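Below is one structure; the comments refer to it alone.
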Amino acid sequence: MERNTVLLRETEAFMRGELDNVTVSQNSIVLDLVQGSYVPYGCYTSAPISMPVFDALRVSWNAASPRGTAVEAQARVLVDGNWTPWVGFGKWSPYLHRESPTYQERGPVQRWPAHLQLDSKYATQAQLRIYLYSKDEKATPAVTLLGVSTHVVDVIPARGRPVNARLHLMPYAAARRTPALRPWMDLANCLASLTNRWGADLLPEEFAQVLRDWRAPDACDPRNLSFAAAAAAQWGFPAWVAYGDLALLRAEARAGCGAVVGLQSSPEQIAAGAPERHFAAVRGFASIDGSPKVLLCDPWASGNDFDCETDMPLDDFMVAWDNLALLMRQRKNNTSPLGRTRCSVWLRPVGTDAPGVYHMYINGEEHLLADDFCARGGVLAYSLPDAQPHATTAHRQFTYVEPAQGGILLERGDTPRKYTVYAIDSAGGMLVGDVTV
């Protein structure tokens, strides 16, 4: 199959496009700096990209977006020698209640929340555009990757050279994560499975907050793979969405990289509460009892983390898979995260006015949690030491609670217990601290 995925990254690739109020600095697209202040908006437009004949397109981006800034990716395609209008995929930033666009049909182009589909027509070229916005003259977004992948038509999918490879991914069950984020938690679990094998030790809830699509509930999938790729990049892991075939997944496994895939749920999984389509992480391929199998970390396979390590007959997998994958690479040692960080806090008792309530303190200053912290999308939880150590923090047993009088209510036991408290806001920023009660 001809190459159907193109990634633009680093200075040389970006400089082939048009720069309007933006520049390329340190392998990133940033807003122009004029007299010490960043301009409020700018635009980068790629050169036209020739592709094998296709009928669907997905866009990926990785960008640092500080508070007060945002990016917006757009695309258009060449159909019958004419360019279609530009199609946008929503403004994105960890600090926005980011929304993908609703379904819209214009001529042969159907814009779904996360992809572009052609109806009765085919395209031969694509062009990408990304806008950078800033309300803060001292801050700019920084785009580090802009990618496009197309669904090629009239090509027999390649199966690739068979491979026996087992990747040590981290399994996480959807049932053990916070119920408030359940509709898209399987996708967040899969991102954590891929990153934590490289020692990131992230919680799925951190990813879930940054990939969350705040679009009003509709008939479309609430999980947005483009937002998920952008979320992974916030912690320094380059990620993008690609249409692919079995050859692609086998090549990724051979290279030591996992992938996130969407699968049609089995009747048993649907009966257990799984959506009709759910996400799993591919952790390799193997021949088991003489039968080729795909090895998965499937968040819906069980209520226990390590029982989510499953295998699936290859033929069944090819029927269930939608030929779409999120691919990821390990972050470089000298690459810092694009914005998501954790902050350590002290936990101190309020006193007799609020028995059992503990407030957070950052650098000696009290940090109160709003009463509607969870109602506005935040996650508040605590964990206690388990009987055995865990491979990652996310394998610990969490209890999810609501704020109490600006802090968290921690019960005193018969003997002193060490609580670890986690407060994750809707931008993915986490406050974490320990206290013995």
Side-chain angles (χ1 to χ4, degrees), residues 163-179 181-198 202-205 207-208 211 221-225 228-229 231-232 239 241-242 244 246 248-250 252-253 256-289 291-328 390-392 394-395 397-398:
V163 58
N164 283 316
R166 293 175 182 263
L167 308 180
H168 185 55
L169 303 190
M170 299 296 172
Y172 302 111
R176 297 188 66 243
R177 313 317 308 178
T178 176
L181 307 181
R182 185 66 53 79
W184 51 94
M185 186 55 74
D186 58 348
L187 183 51
N189 282 2
C190 292
L191 291 185
S193 293
L194 266 61
T195 59
N196 288 356
R197 66 178 292 239
W198 285 316
L202 297 167
L203 299 184
E205 284 80 4
F207 281 122
L211 66 83
D221 195 325
R223 297 157 299 183
N224 187 322
L225 273 179
V241 183
L246 182 57
L248 174 66
L249 297 184
R250 282 173 163 168
E252 289 293 299
C257 299
V260 179
V261 296
L263 300 173
Q264 183 69 30
S265 300
S266 67
E268 294 78 14
Q269 288 175 319
I270 294 175
E276 292 187 0
R277 175 175 174 264
H278 72 281
F279 287 92
V282 176
R283 60 184 179 93
F285 297 84
S287 178
I288 301 176
D289 297 329
S291 175
K293 299 290 182 66
V294 182
L295 308 180
L296 302 171
C297 286
D298 186 343
W300 284 101
S302 172
N304 298 314
D305 286 342
F306 285 96
D307 289 337
C308 291
E309 291 185 329
T310 64
D311 58 73
M312 189 174 185
L314 179 59
D315 290 342
D316 292 349
F317 175 85
M318 295 305 296
V319 172
W321 182 38
D322 59 4
N323 291 100
L324 195 64
L326 184 151
L327 308 180
M328 184 186 295
H390 297 293
T392 67
H395 284 119
Q397 181 65 47
F398 291 82

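For the numbers below, each heavy atom of this structure counts, side chains included, while hydrogens, waters and symmetry mates do not. Since the structure is predicted, the reported quantities are computational estimates derived from the model, not experimental observations.
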>> Within this structure, what is the CG-CZ distance for the pair L295 and F317, rounded to the nearest 0.5 Å?
In response: 10.5 Å
> Is a side-chain N or O of D298 found less than 3.5 angstrom from the main chain of C308, in a donor-acceptor match?
Replying inline: no
> Counting heavy atoms not belonging to R277, are there more than 12 under 6.0 Å from its CZ?
Replying inline: yes
> In Å and rounded to the nearest 0.5 Å, what is the SG to CE distance from C190 to M185?
Replying inline: 11.5 Å
> What heavy-atom pair brings A325 and V261 nearest, and what distance separates the two atoms?
Replying inline: CB-CG1, 4.2 Å
> Which pair of non-hydrogen atoms, one from P183 and one from R223, has the smallest distance, and what is that distance?
Replying inline: O-CD, 3.4 Å
> Taking only residues two or more places apart in sequence or in another chain, which ones pass ring-ring contact (aromatic ring centres under 6.0 Å, His included) with W184?
Replying inline: none
> What's the spacing between L263 CG and D322 CG if we round to 0.5 Å?
Replying inline: 7.5 Å
> Which distance, rounded to the nearest 0.5 Å, do you find between the CG of D316 and the CH2 of W321?
Replying inline: 15.0 Å
>> With a 3.5 Å distance limit and no angle check, can you tell me whether Q264 reaches the backbone of E276 through a side-chain donor-acceptor pair?
In response: yes
> For H168 and R283, what are the C-alpha separation, side-chain angles and deciding distance, and is it a side-chain contact (heavy atoms from CB on, under 4.5 Å)?
Replying inline: CA-CA 7 Å; H168 185 55; R283 60 184 179 93; over 6 Å; no
> For F279, what residues pass the ring-ring contact (aromatic ring centres under 6.0 Å, His included) criterion, not counting sequence neighbours?
Replying inline: none
>> If the test is side chain to side chain contact (heavy atoms under 4.5 Å, CB included), which one of L187, N189, L191, L181 qualifies with F207?
In response: L191
> Between CG of L211 and CG of N224, what distance do you get to the nearest 0.5 Å?
Replying inline: 8.5 Å
> Between S302 and N304, is any pair of side-chain heavy atoms under 4.5 Å apart?
Replying inline: yes
> Which heavy atom of L326 sits nearest a heavy atom of L225, and at what distance?
Replying inline: CD1-O, 3.8 Å
> Nearest heavy-atom pair of P171 and L169: which atoms, and what distance?
Replying inline: CD-O, 3.5 Å
> Do the side chains of Y172 and S193 get nearer than 4.5 Å, heavy atoms only?
Replying inline: yes
> Taking all atoms of both residues into account, what is the closest heavy-atom pair of H278 and S265, and its distance?
Replying inline: ND1-OG, 2.7 Å
> Mind checking what makes salt bridge (charged side-chain N to carboxylate O under 4.0 Å, His left out) contact with R177, not counting sequence neighbours?
Replying inline: E205
>> As an exercise, state the distance from CZ of R250 to CG of L314, rounded to the nearest 0.5 Å.
In response: 5.5 Å
> Relative to each other, are the rings of F306 and H395 parallel, tilted or perpendicular (30° and 60° limits)?
Replying inline: parallel
> If we only count heavy atoms from C-beta on, is the D311 to V294 side-chain gap below 4.5 Å?
Replying inline: no
> Are F285 and L249 side-chain neighbours, meaning at least one heavy-atom pair lies under 4.5 Å?
Replying inline: yes
>> Is any side-chain heavy atom of K293 closer than 4.5 Å to one of S287?
In response: no
> Can you name the closest pair of heavy atoms from A175 and G303 and give their distance?
Replying inline: CB-CA, 4.1 Å
